[in-house]
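See below for the structure under consideration.
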Amino acid sequence: MADAGRVPPGVKGAPDWLPPDAALFDAVEAAFLDTARLGGYERVRTPVFEHTEVFARGVGASTDVVQKEMYTFADKGGRSLTLRPEGTAGVVRAALEAGVPRSGGLPVKYAYAGEFFRHERPQAGRQRQFTQVGVEALGGTDPIVDAEVVLLGWEALARAGVRDVTLRLNTLGDRGDRGAYSERLNAYLDGVDDLPPDVEERRALNPLRAFDSKAPGMAAVMAAAPLLADFVSDAAREHHRTVVALLEAQGVPLTHDPRLVRGLDYYTRTTFEYQAATLGAQNAVGGGGRYDGLAEDLGWPDPFPGVGWALGVDRTVLALRQQGNVAPRPPRVTAFVVVAGSQLTAEAFATAAELRRAGVATDLLADGRGVRAQFKAADRAGARWAVVVGPAEAARGAVMLRDLASGDQREVARAALVSALETAAQE
RNA sequence: GUGGCCGUAGCUCAGUUGGCUAGAGCGCCGCGUUGUGGUCGCGGAGGUCGCGGGUUCGAAACCCGUCGGUCACCCCA
């Protein structure tokens with residue numbers, strides 16, 4: 001621990017990623033973004049903070065996320081800003097601000113990756129700062145867009161190497177359907193004696209959450225409750241049927257989950273979630289849905305529908321680790337310059353610089369330590385080659401090139417070093 | 001926000017009913033090889049036992065508090 005006790009600690013729930021784990025993290029993020037690119041989704045970047053009302057109105061004032069999990073603060077001008085707790089509201093806000101709905105070429109397809117912030121109690125798979133990759137297809141109403149998005153997410157997880165993923169799918173119907181259903185469900189709950197406190201508390205915000213209650217007896221109570229499916233309009237039901245048919249034709253093993261209720265208010269019609277079997281309580285590695293009313297919630301005068309998902313990078317890394325994917329430490333460099341004699345330090349420095357310019361990842365340890373220590377460092381760095389800069393060779397305008405795997409070494413003219421490495425690499 | 005469990009070297013951990021200068025493995029540094037790594041041998045560095053208080057002749061161990069971590073509830077990706 002040395003003097004670490006004097007150093008201010010990292011913020012609770014804000015993870016550090018160091019080698020070699022950071023490489024695995026990047027690989028997962030890259031796999032997600034690659035998959036999005038294959039679907040024609042273009043990269044966008046939006047700020048990590050927004051005016052608070054973007055989330056209050058977009059995500060929904062009654063949601064847990066907005067009510068108790070946001071990092072909200074006043075800036076110097078007294079405006080209320082919030083660190084983004086999710087990606088969709090900000091991306092849609094940016095699209096509306098740029099006039100995308102009226103610029104034609106719809107739907108537009110966007111992909112993003114970045115950090116998000118929710119003030120929750122950290123646990124396995126849940127940090128206060130976490131990374132998500134997401135896609136949003138904006139301006140399309142056809143169910144084929146929903147199916148494309150769902151399938152892309154499925155394939156993104158496969159591309160990242162996650163096994164044992166299950167896909168849960170549901171339809172929430174349209175806004176009006178859900179309103180009618182909520183009233184009906186509340187009426188039903190009114191007739192139940194001794195509702196558990198958690199249900200009483202939540203039903204005012206969103207009675208659909210009663211389905212999530214694990215209080216004893218609630219399962220039986222909810223089994224007899226009216227079903228959202230019975231309130232879904234014919235149009236929404238037909239939409240859903242088409243999405244399911246398209247996905248099933250692709251062989252995606254989906255599970256219909258009538259209890260899948262997303263906690264963000266903007267969802268309409270299609271909702272879905274990808275769950276990883278190997279994860280613990282936080283087993284949702286991704287999720288999303290359609291949000292046809294979001295643009296209007298944000299103040300846009302016309303309908304501007306959308307569908308999207310977000311995949312959790314941190315959780316995916318966790319799932320991969322639990323599958324036994326430990327990131328093997330990749331070689332840090334391919335060449336390592338070893339100096340024999342302090343009078344050759346400048347020469348070694350120049351050699352390393354030349355190799356780097358030629359595109360060969362190179363390091364050196366010219367701080368006066370012995371050759372033995374330098375070779376040890378070369379080995380630790382995973383270098384394939386050691387380039388020994390010593391007085392004997394230097395006198396001949398050469399260096400010693402040693403293959404660290406085989407132990408073979410030969411003298412190479414200094415001017416021919418780069419090409420020698422290039423030809424050796426081809427063999 | 002609520003609850004369970006856990007804090008001993010860089011890492012993983014041991015420390016017997018409270019009792020010598022607090023240990024191991026791995027890692028790190030050096031030497032064996034004053035110009036050669038990965039193996040081996042030898043040596044070395046490194047610890048306010050999370051922190052504060054209490055009990056005791058004596059605390060890493062027991063008690064209280066506190067901070068941190070972790071898992072679960074909740075929520076969600």
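Convention: sequence-line order gives letters A, B, ...; per-chain numbering from 1. Basis for what follows: all heavy atoms, side chains included, without hydrogens, waters or symmetry-related copies.
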Quiz item: Which is true for A:Glu393 with a 4.0 Å heavy-atom rule: it touches a base, it touches only sugar-phosphate, or it touches nothing?
Solution: base
Self-check item: Short side-chain to backbone donor-acceptor contact, A:Trp309 and A:Val149, under 3.5 Å
Solution: yes
Exercise. Would you say whether A:Phe130 stacks on B:A77? The test is a distance between ring centres of less than 5.5 Å and an angle between planes of less than 30°.
Key: yes
Quiz item: If pairing requires Watson-Crick or G-U wobble contacts with both distances under 3.5 Å, which nucleotide is the partner of B:G30?
Solution: B:C42
Quiz item: What is the distance from NE2 of A:His119 to C1' of B:A77, rounded to the nearest Å?
Solution: 19 Å
Quiz item: Base, sugar-phosphate, or nothing for A:Val388, non-hydrogen atoms under 4.0 angstrom?
Solution: base
Can you give the donor-acceptor pairs under 3.5 Å from side chains of residues 153-168 of chain A to other protein atoms, not counting sequence neighbours?
from, atom 1, to, atom 2, distance (Å)
A:Arg159, NE, A:Thr35, OG1, 3.4
A:Arg168, NE, A:Gln275, OE1, 3.1

Quiz prompt | Residues that A:Arg184 engages under salt bridge (Lys or Arg N to Asp or Glu O under 4.0 Å), provided they are two or more places apart | solution = none
Self-check item: Side-chain (A:Arg178) to main-chain (A:Tyr267) donor-acceptor, under 3.5 angstrom
Solution: yes
Quiz item: If you look at every strand shown and take non-hydrogen atoms under 4.0 Å, does A:Ala392 touch a base, only sugar-phosphate, or nothing?
Solution: base
Quiz item: Across the strands shown, which category fits A:Tyr267 at heavy-atom distances under 4.0 angstrom: base, sugar-phosphate, nothing?
Solution: sugar-phosphate
Quiz item: Looking across every strand, which nucleic acid part, if any, lies under 4.0 Å from A:Ala383 by heavy atom: base, sugar-phosphate, or nothing?
Solution: nothing
Quiz item: Between B:A59 and B:G3, how far is it from one P atom to the other, in whole Å?
Solution: 32 Å
Exercise. Measure the distance from NZ on A:Lys376 to P on B:U36 and round it to the nearest whole Å.
Key: 14 Å
Practice problem: Decide, yes or no, whether a salt bridge links A:Asp265 with A:Arg57 under the criterion of side-chain N to carboxylate O below 4.0 Å. | Solution: no
Exercise. Write down the distance between CD (A:Gln374) and P (B:C29), rounded to a whole number of angstrom.
Key: 13 Å
Self-check item: Atom-to-atom span, CD of A:Gln409 to P of B:U36 - whole angstrom
Solution: 10 Å
Quiz item: When you match A:Asp379 and A:Leu311 each to their closest nucleotide on RNA chain B, which lands nearer the 5' end?
Solution: A:Asp379
Tabulate protein N/O versus nucleotide N/O from nucleotides 65-72 of chain B, keeping only pairs under 3.5 Å, one per line.
from, atom 1, to, atom 2, distance (Å)
B:G69, OP2, A:Lys12, NZ, 2.9
B:C71, OP2, A:Ala124, N, 2.8
B:A72, OP1, A:Ala281, N, 3.3
B:A72, OP2, A:Gln123, NE2, 3.2

Exercise. Assign each of A:Arg118 and A:Ala377 to its nearest nucleotide of RNA chain B by heavy atoms, then name whichever residue's nucleotide is nearer the 5' end.
Key: A:Ala377
Exercise. Could you check how far CH2 of A:Trp154 sits from P of B:A77, rounded to whole Å?
Key: 18 Å
Quiz prompt | P gap between B:A72 and B:U66, integer Å | solution = 25 Å
Practice problem: Write down the distance separating the P atoms in B:C67 and B:C26, rounded off to the nearest Å. | Solution: 39 Å
Exercise. Assign A:Pro391 to base, sugar-phosphate, or nothing according to its heavy-atom contacts below 4.0 angstrom with the strands shown.
Key: base
Self-check item: Sugar-phosphate, base or nothing in reach of A:Gly390, heavy atoms under 4.0 Å
Solution: base
Exercise. Between B:A77, B:G30, B:U36, spot the one nearest the side chain of A:Arg369, thanks.
Key: B:G30
Quiz item: For atom P, what is the distance between B:C40 and B:U70, given to the nearest Å?
Solution: 35 Å
Exercise. Could you tell me the separation between the OH atom of A:Tyr112 and the P atom of B:A77, rounded to a whole number of Å?
Key: 9 Å
Exercise. Identify whether any heavy atom of A:Gly407 sits under 4.0 Å from a base atom; if not, whether one sits that close to sugar-phosphate; answer base, sugar-phosphate or nothing.
Key: base
Quiz item: A:Met400 side chain: which of B:U36, B:C75, B:G32 is closest?
Solution: B:U36
